[in-house]
Amino acid sequence: MPNFGLGVFAPEPQSDGSLIIRILVTGGAGYIGSHTVVELLAAGHEVSIVDSLVNAHPAVLPRLARLGGRDPDFRQVDIRDRGALGSVLEDGFDAVIHFAGRKAVGESVSDPLGYWDTNVAGTLVLLEEMRRTGVRTLVFSSSATVYGNTAVAPFDETLPTAPINPYGETKLAVERILEALAVAEPEWRISSLRYFNPVGAHPSGTIGEDPNGIPDNLMPYITQVAVGRRERLSVFGDDYETPDGTGVRDYIHVVDLALGHVAALDYLARNTGYRVHNLGTGRGYSVLEVITAFEQASGRKIAYEVAGRREGDAAAAWADTRRAGEELAWRAQRDIDAMCRDAWNWQRQNPNGYGNEPTA
Ligand code: UD1
């Protein structure tokens with residue numbers, strides 16, 4: 001249990017002496033949000049979720065209750081709906097973890113206004129309503145995509161940012177808003193977490209990643225090939241300057257990522273102002289290495305063919321994790337085998353994701 005500084009979140013003591021904080025999780029029904037909710041409940045916190053359900057399935061909610069041992073409070077709210085979001089915040093929270101947003105790179109190119117509206121205008125509504133209701137502690141879901149694709153790995157937090165698509169631009173715009181807010185109003189405590197490549201699932205296989213339509217990302221594509229939903233994977237390029245020619249990324253187990261949010265809350269209990277941290281393992285794996293690790297973990301052969309490079313892809317990206325290690329006292333514990341095993345365990349138990357379950 002993290003040691004929240006008394007008076008910072010005004011935590012409520014429980015009968016066993018540990019402290020509860022009340023946390024609002026926006027986008028808490030989504031992939032990373034749902035795994036974070038489980039870890040917050042496990043740490044004894046009170047959790048409320050708001051989610052528009054545009055990219056999440058309501059079947060996740062009873063599953064969260066099963067994993068967490070109690071029902072998280074849920075409200076179907078779009079963060080752009082000021083009245084609805086404000087009335088939730090009036091219930092009183094110590095902190096907000098803000099996942100709600102759109103995250104598909106290709107879609108952000110075809111619908112930039114939609115991306116700026118949800119990701120940036122939506123965040124402005126959240127910040128204004130937080131201020132109105134006296135909540136000034138925030139953990140924001142950012143992305144390593146803000147580094148762009150020209151820097152040389154490992155990426156540390158001081159690198160210049162250079163996003164190359166509207167999705168990345170919106171993440172960076174929010175970071176800048178948050179930084180300016182913490183300068184203007186020094187009582188805010190704000191953390192931006194730059195995720196590398198989240199993969200895997202809760203080890204129980206109860207919750208996991210369930211993308212709409214054809215997966216854009218590597219791991220869900222592999223698991224859908226393994227379960228027979230897709231014929232073969234296209235490997236986007238084998239002529240990069242990497243050891244085997246395929247793209248190298250820093251895959252991080254979603255449970256480690258979730259625990260990074262718990263660590264960030266603990267950090268904010270001790271620090272005011274604004275701070276950025278990378279969340280990655282600090283180690284890169286190529287596409288072919290991920291395929292091999294997945295085949296070993298699942299016992300399934302993954303059919304693939306080499307296709308051309310995907311526009312906008314970098315050769316190699318992995319995190320410099322020192323700042324998170326030193327300041328958050330957090331490091332990723334789960335290796336590529338655990339990532340593949342848990343991704344497979346989820347997909348095997350839920351071949352159609354949440355799709356077959358009646359809605360809650
Ligand atoms: C992508 C997004 C990034 C976003 C992240 C969210 C792009 C260009 N980048 O990152 O902005 O923050 O997802 O998780 O879309 N690959 C294949 N075949 C596939 C899919 C992927 O070979 O079908 C390769 C890619 O070329 C890359 C690696 O697998 O080398 C990882 O790809 P992906 O999972 O899409 O993540 P990123 O491209 O790193």
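Whatever order the structure lists ligands and atoms in, that order sets their numbers, starting from 1.
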Is there a donor-acceptor contact under 3.5 Å linking the side chains of S143 and T145? no
Could you check whether E157 and H277, counting side-chain N and O atoms only, form a donor-acceptor pair closer than 3.5 Å? no
Ring centers of Y267, H261 separated by less than 6.0 Å: no
Is the Y147-W318 ring centre distance short of 6.0 angstrom? no
Any chain of hydrophobic side-chain contacts (each under 4.5 Å) joining W188 to L126? yes
Is it true that the side chains of N345 and Q349 contain a donor and an acceptor less than 3.5 Å apart? yes
Which parts of the protein, at residue level, reach under 4.0 Å of ligand 1 through a heavy atom? V105, S143, T145, Y167, N197, D216, N217, L218, L233, S234, V235, F236, G247, R249, Y251, V287, R310, D313
